[in-house]
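One is the number of the first residue; the rest follow in order along the sequence. Order of listing sets the numbers, starting from 1, for every ligand and every atom in it. Quick caveat, the model's predicted, so the values are computed rather than measured.
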Amino acid sequence: MIDLRSDTITLPDETMRRAIYEAELGDDVYGEDPNVNRLQKMAADLVGKEAAMLVPSGTMGNQVAILTHCKPGTEVIMEADSHIYYYEAAAASVFAGIQPRPLQGQKGVLPADLVEWAIRQDDIHLPPTSLICLENTHNRAGGRIFPLEEMKSVFNVAKKHGLPVHLDGARIFNASVASGVSVKDFTACTTSIQFCLSKGLGAPVGSIIAGPAEFIEEARRWRKRLGGGMRQAGIIAAAGIVALDKMVDRLAEDHANARLLAEGLAELKGIDFNLDDVDTNIVIVKPTGMSVQELGQQLKKRGVLTVVMQPDRIRFTTNKEVSRMDIEKTISILEEVLANS
Ligand code: TLP
């Protein structure tokens, strides 16, 4: 099977498995796991924040950040197609008791003036705005990069209103590798960030949440409340260290494969698709001659796995397990399937 469902399907390579096997362990709830401590220090340095903390998943990272930043009854500004709004099973409403304020972005980007417009005035009728969430790269917009200048503008608006900014940077390393902008430059426009070790970077599990030391101290309590205090988590952290040390540069291969796929798709009839919409490792297309379900099934029958993203859109996500040859094969399979549409 050529698995283009997600970059979450990536498997740890031999170096990672060896690091996991050899990891010296301790109880992280006592702060005694050497690999967790090393990973957290490494991650904080990489994103230019005072402190960082390992969490089991990107979802928990985002939710712990919201719980730490916000009081119940406040409002959180987020993009209407963001992972936090769309894919986290309303966790922020359930756990943090916040009211989401979804704003329609432009290809995942929230313009600063729209954000400023949505910030609540001080009025007894209104929920106070407590947080602004951004996503970079933006998953449902097709792995789009939130440009640095736009992030700066949002951050300036946030500062003006005394509000924190949380970045869902599940794929911030993709944004950095593809744009040449350092991760630190992106994260300088944020108060806190969550990024995933378990997507294109190939670790089996784990995400990092980073921010000011005081914020991370409080986040640690929230992680514990949610049952995310992991004991000998060095098993996970050892893989995370390899991910940050050795796997960042290889994201360029995923981007090149996505571009190859996109160029192939641009030649085909039966789909609506714009080559300029592909920034990183995600390609989202709209079939015109058949339903997305039908296209997904036809591809699966021929050995290509994809994911339905919207009622009329299907997603291909390049990842470490998929080679250039696999992409060439996918293009010819698509040609065959779409020719019959
Ligand atoms: N995204 C997954 C699915 O949940 C949709 C995928 O296959 O793309 N932020 C962003 C931007 C994400 O794309 C994801 C996962 C997460 C957060 C959550 O990470 P996990 O799965 O570790 O909870």
*Taking D326 for the side chain and S323 for the main chain, is one N or O donor matched with an acceptor at less than 3.5 Å?*
yes
For ligand 1, list every N/O pair with the protein closer than 3.5 Å, one pair per line with the distance.
residue	atom	partner	partner atom	Å
ligand 1	1 (N)	H83	NE2	3.4
ligand 1	4 (O)	H83	NE2	2.9
ligand 1	7 (O)	S6	OG	2.7
ligand 1	7 (O)	R315	NH2	3.0
ligand 1	8 (O)	N139	ND2	2.9
ligand 1	8 (O)	R171	NH2	2.9
ligand 1	8 (O)	R315	NH1	3.0
ligand 1	8 (O)	R315	NH2	3.4
ligand 1	9 (N)	D168	OD1	3.0
ligand 1	9 (N)	D168	OD2	2.7
ligand 1	13 (O)	N139	ND2	2.9
ligand 1	13 (O)	R171	NH1	2.9
ligand 1	19 (O)	K199	NZ	3.0
ligand 1	22 (O)	G58	N	2.8
ligand 1	23 (O)	G58	N	3.4
ligand 1	23 (O)	T59	N	2.9
ligand 1	23 (O)	T59	OG1	2.6

*Evaluate the side chain to side chain contact (heavy atoms under 4.5 Å, CB included) criterion for residues H166 and I84: first the C-alpha distance (whole Å), next the side-chain angles of each, then the deciding distance (0.1 Å), finally the verdict.*
CA-CA 11 Å; H166 172 68; I84 292 174; 4.2 Å; yes
*asked:* Under a 4.0 Å threshold between the charged nitrogen and the carboxylate oxygen, would R220 count as salt-bridged to E217?
replied: no
*Residues sharing V94's hydrophobic cluster, by side-chain heavy-atom contacts under 4.5 Å among ILVMFWY, directly or via others?*
M53, V55, M60, V64, L67, F95, I209, F215, I216, W222, L226
_Salt bridge D7-R171, side-chain N to carboxylate O under 4.0 Å_ = yes
_Count I, L, V, M, F, W, Y as connected when their side-chain heavy atoms are under 4.5 Å apart, and connections chain through other members. Are M16 and L25 then in the same cluster?_
no
